[in-house]
Q: 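Pasting in a structure now, in C-alpha cells, and then I'll have a few things to ask.
First the proteins, then the strands, lettered A, B, ... as listed; each starts at 1. Source: prediction; values computed, not measured.
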Amino acid sequence: MPELPEVETIRRSLLPELIGRVIEDVDLYRSDILINADDYELTGWLIKGLRRRGKYLLIDAVRPGDDGPNNSITIVIHLRMTGQLLLDKTGEMQRDHVHVRFQLRRPESTIDDGSQSDNPSIIYLLFRDVRRFGRIWYFRGGCENQQSGLAGLGPEPLTDNWTCRQLAQGLSRYPKSNIKNVLLNQHVVAGLGNIYVDEALFKSGISPLRAAASLNEAEIERLYNAIREILEAAIGHRGTSFRDYVDGLNTKGHFQYELKVYSRGGLECPVCGQTILKRRVAGRGTCSCPRCQPDPQ
DNA sequence: GCCAGCCTGTTG
DNA sequence: CAACAGGCTGGC
C-alpha cells in the first residue's frame, strides 16, 4: 500500500509522539511478523529518531546509560500492501488485524502535571495489517543497511544527490525492460510504487510499455522532473488514501483527488479527453492515456 | 523476464 | 464465483 509519500507522511505524524519514549513492552500477537524477535532484547530501548528509506520506516533507539558496543538498534518496518502504523493513546483501539503492539512509556523525568491528557505516560504503537505481508526487523545500530531489504536499495528520489544522470544510468541497466517495470524496481530508485509510477509516466508523456533504452535525453529529463514533482505534491497532500492508507494518527491523505490516470481507467484524460486505458503491464494494473502517452509500435 | 505465492477483503 | 488490490521474493 504505502509508497514513499505515504511512508513519509506516517513518519512525520509519528515523529513528535515517539521521540524520547522507551519501548517498555512488545506484544507479539503473531510471531511471524517480527522476523528476528529471538535475536534481540525487544524492550528497554529509548527512541531517538525516525527515518524513512524508500518505503521503509526506521526507528533508531539506544539503551539509556549503556556506552557499550551493542547500545543501539534500528527497527526496520515495511508495510507492504495493507500495513498500518497507528498510535493508540488509550490502549482501547480496535485490535482486529493488529499483530504487534509496542508499549511506549514517557520517562519519569518528563514533567507530568496531570493536565496532559493528550500526552499520557503510556501510549501504544500498533502494527496493523489485514493481508499480513508487512514485516518488522530489529538490527544492531548501523547494521540495518547491510541486512534486510535496505541492502541494494536505489537512491532517494527527493534528495539532491539523485540526478537526472543517475536516472539515466539506472535505466541503462535494464535497456530492454519496459519503463514501468524499471521504475517499480527499488534498486533503480527507491520509493516508487504502482500509483506514482503511472502518474509520473503520464505527467512526462511516456507510455508504460516503452523500453527503457528507447527514452531520449529530453524524455528522461521530463520523467526525472515528473517523478520529483509528483512525489513532492503527494507528500504535500499527505498521501493517497484509496482504501487502507492512513497516517500514524489515523488521518487520511487526499492525493487521491489529484490523480490524473491511476484508478481512472475508462474515464476521460484530464488533458486531452481521450479515454484512459487500463491494462496489465509488468504484472500490475496500469493506467495511461493512449494519446498523451502513445505506445511504441 | 515472468509469475506464483504470500494473505484477506472487496468488487463485479 | 472469479478477479483484483498500493509490494516484494524466489523459483524457473
Side-chain angles (χ1 to χ4, degrees), chain A residues 1-10 29-35 52-57 76-85 94-100 127-137 147-154 157 171 173-202 208-213 227 230-231 233-235 237-247 252-266 278-288:
Chain A
M1 125 182 144
E3 308 180 25
L4 186 154
E6 289 75 33
V7 179
E8 178 62 21
T9 304
I10 292 171
Y29 305 120
R30 292 200 79 107
S31 56
D32 53 335
I33 301 288
L34 209 168
I35 297 286
R52 181 193 54 73
R53 181 76 176 91
K55 303 174 193 174
Y56 290 84
L57 193 72
V76 175
I77 301 171
H78 199 303
L79 300 169
R80 294 282 169 90
M81 297 281 262
T82 54
Q84 300 172 326
L85 280 174
Q94 284 194 327
R95 296 290 171 79
D96 61 318
H97 301 112
V98 172
H99 309 308
V100 180
F127 177 91
R128 181 173 187 272
D129 188 356
V130 170
R131 290 174 76 176
R132 278 191 274 132
F133 291 170
R135 290 292 181 267
I136 304 174
W137 302 259
Q147 305 166 45
S148 79
L150 294 176
L153 212 53
L171 300 194
R173 287 163 52 201
Y174 306 91
K176 293 183 178 169
S177 209
N178 66 52
I179 188 67
K180 167 114 185 183
N181 221 335
V182 177
L183 293 179
L184 285 172
N185 184 335
Q186 302 298 298
H187 297 266
V188 173
V189 50
L192 291 175
N194 209 25
I195 297 178
Y196 299 112
V197 166
D198 279 10
E199 291 298 307
L201 287 172
F202 173 75
L209 291 183
R210 294 275 303 279
I227 289 170
I230 292 282
L231 292 175
I235 292 172
H237 286 79
R238 303 179 56 87
T240 302
S241 293
F242 264 115
R243 21 180 92 83
D244 305 293
Y245 169 70
V246 287
D247 72 8
K252 290 185 179 189
H254 42 270
F255 197 69
Q256 60 273 24
Y257 306 117
E258 312 297 323
L259 297 174
K260 302 283 197 283
V261 285
Y262 184 84
S263 86
R264 299 193 67 251
K278 164 104 193 248
R279 57 188 163 177
R280 202 149 276 274
V281 178
R284 314 294 300 276
T286 299
C287 296
S288 62

Q: Any side-chain heavy atom of A:Ile179 sitting closer than 4.5 Å to one from A:Val197?
A: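 No; the side chains remain at least 4.5 Å from each other.
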
Q: Using the C1' atom in both, what is the distance from B:dC6 to C:dC1, to the nearest Å?
A: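 Pairwise C1' distance, B:dC6 against C:dC1, rounds to 22 Å.
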
Q: Rounded to whole Å, how long is the line connecting atom CZ of A:Arg53 with atom C1' of C:dC8?
A: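 After rounding, the reported distance stands at 16 Å.
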
Q: Could you identify which residues of residues 192-202 of chain A place a heavy atom less than 4.0 Å from some atom of DNA chain C, listed by residue number, or say none?
A: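 Of all residues in residues 192-202 of chain A, the ones placing a heavy atom under 4.0 Å from DNA chain C are A:Gly193, A:Asn194, A:Ile195.
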
Q: Describe the nucleic acid contact of A:Thr240 in one word from base, sugar-phosphate, nothing, applying a heavy-atom distance below 4.0 Å.
A: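 Answer is base: heavy atoms of A:Thr240 come under 4.0 Å of a base.
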
Q: For nucleotides B:dG9 and C:dT9, find the distance between their P atoms and express it as a whole number of Å.
A: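 It comes out at 25 Å once rounded to the nearest Å.
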
Q: Which distance, rounded to the nearest 0.5 Å, do you find between the CG of A:Leu259 and the OH of A:Tyr196?
A: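 Output value for this atom pair is 7.0 Å.
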
Q: Partners of A:His97 by ring-ring contact (aromatic ring centres under 6.0 Å, His included), sequence neighbours excluded?
A: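 In terms of ring-ring contact (aromatic ring centres under 6.0 Å, His included), with neighbours along the sequence ignored, A:His97 is linked to no residue.
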
Q: Across nucleotides 5-12 of chain B, 5' to 3', mark each nucleotide with B, S or - according to how protein heavy atoms within less than 4.0 Å reach it.
A: -BBBS---

Q: Using a 3.5 Å distance criterion without hydrogens, assess whether the side chain of A:Gln84 forms a donor-acceptor pair with backbone atoms of A:Thr82.
A: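 It does not hold such a pair.
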
Q: For C:dA5 and B:dG1, measure between their C1' atoms and round to the nearest Å.
A: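 These two C1' atoms come out 23 Å apart once rounded.
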
Q: Between the main-chain N or O of A:Ile195 and the side-chain N or O of A:Glu3, is there a donor-acceptor pair closer than 3.5 Å?
A: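 Answer holds: yes.
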
Q: Indicate whether OP1 or OP2 belonging to C:dC8 is found under 4.0 Å from a side-chain N or O atom of A:Lys55.
A: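 Yes, such a contact exists.
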
Q: Please enumerate all residues that pass ring-ring contact (aromatic ring centres under 6.0 Å, His included) together with A:Phe127, with sequence neighbours excluded.
A: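 Applying ring-ring contact (aromatic ring centres under 6.0 Å, His included) to A:Phe127 gives none.
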
Q: A:Arg284: what forms a salt bridge (Lys or Arg N to Asp or Glu O under 4.0 Å) with it, not counting sequence neighbours?
A: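 Partners of A:Arg284 by the salt bridge (Lys or Arg N to Asp or Glu O under 4.0 Å) criterion come out as none, since no residue qualifies.
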
Q: For A:His78 and C:dG7, is the shortest distance between a side-chain N/O and OP1 or OP2 below 4.0 Å?
A: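 Checking A:His78 against C:dG7: no side-chain N or O falls below 4.0 Å of OP1 or OP2.
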
Q: Side-chain N or O of A:Lys278 less than 4.0 angstrom from OP1 or OP2 on C:dA5?
A: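 Yes, because at least one side-chain N or O of A:Lys278 sits under 4.0 Å from OP1 or OP2 of C:dA5.
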
Q: Taking the P atom of each, how far is B:dC7 from C:dG11, in whole Å?
A: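 Rounded to whole Å, the distance is 16 Å.
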
Q: Just do the salt bridge (Lys or Arg N to Asp or Glu O under 4.0 Å) check on A:Asp247 and A:Arg238 with the steps written out, would you?
A: CA-CA 8 Å; A:Asp247 72 8; A:Arg238 303 179 56 87; 2.4 Å; yes

Q: Compare side-chain N and O positions of A:Gln186 against OP1 and OP2 of C:dC8 and report whether any pair is under 4.0 Å apart.
A: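 Result: yes.
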
Q: Does the pair A:Lys260 and A:Asp198 meet the rule for a salt bridge (Lys or Arg N to Asp or Glu O under 4.0 Å), with working shown?
A: CA-CA 9 Å; A:Lys260 302 283 197 283; A:Asp198 279 10; over 6 Å; no

Q: For A:Gln84 and C:dG7, what is the distance between atoms CD and P respectively, to the nearest whole Å?
A: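 That distance rounds to 15 Å.
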
Q: Heavy atoms only, 4.0 Å cut-off, all strands: where does A:Gly134 land among base, sugar-phosphate and nothing?
A: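 The answer is nothing, as A:Gly134 stays clear of every strand by at least 4.0 Å.
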
Q: Tell me: CD1 of A:Ile136 to P of C:dG7, nearest whole Å?
A: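 Interatomic distance, CD1 of A:Ile136 to P of C:dG7: 19 Å.
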
Q: So what stems show up for DNA chain B if we need 3 or more Watson-Crick or G-U pairs in a row, all under 3.5 Å?
A: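 So far as stems of 3 or more pairs are concerned, DNA chain B shows B:1-6 with C:7-12, B:8-12 with C:1-5.
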
Q: Heavy atoms, side chains only, cut-off 4.5 Å: are A:His237 and A:Pro5 in contact?
A: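 The answer is no; the side chains never approach within 4.5 Å.
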
Q: Nearest whole angstrom, please: distance from the P of C:dA5 to the CZ of A:Arg279.
A: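 So the CZ-P distance, A:Arg279 to C:dA5, works out to 14 Å.
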
Q: Any donor and acceptor pair, going by atom type alone, linking the side chain of A:Arg53 with main-chain N or O of A:Leu153 inside 3.5 Å?
A: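 Side chain of A:Arg53 to backbone of A:Leu153: a pair is present.
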
Q: Does OP1 or OP2 of B:dC2 have a side-chain N or O of A:Asn181 closer than 4.0 Å?
A: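 For B:dC2, OP1 or OP2 has a side-chain N or O of A:Asn181 closer than 4.0 Å.
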
Q: Under a 4.5 Å cut-off applied to non-hydrogen side-chain atoms, are A:Val246 and A:Arg128 in contact?
A: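 They are not in side-chain contact.
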
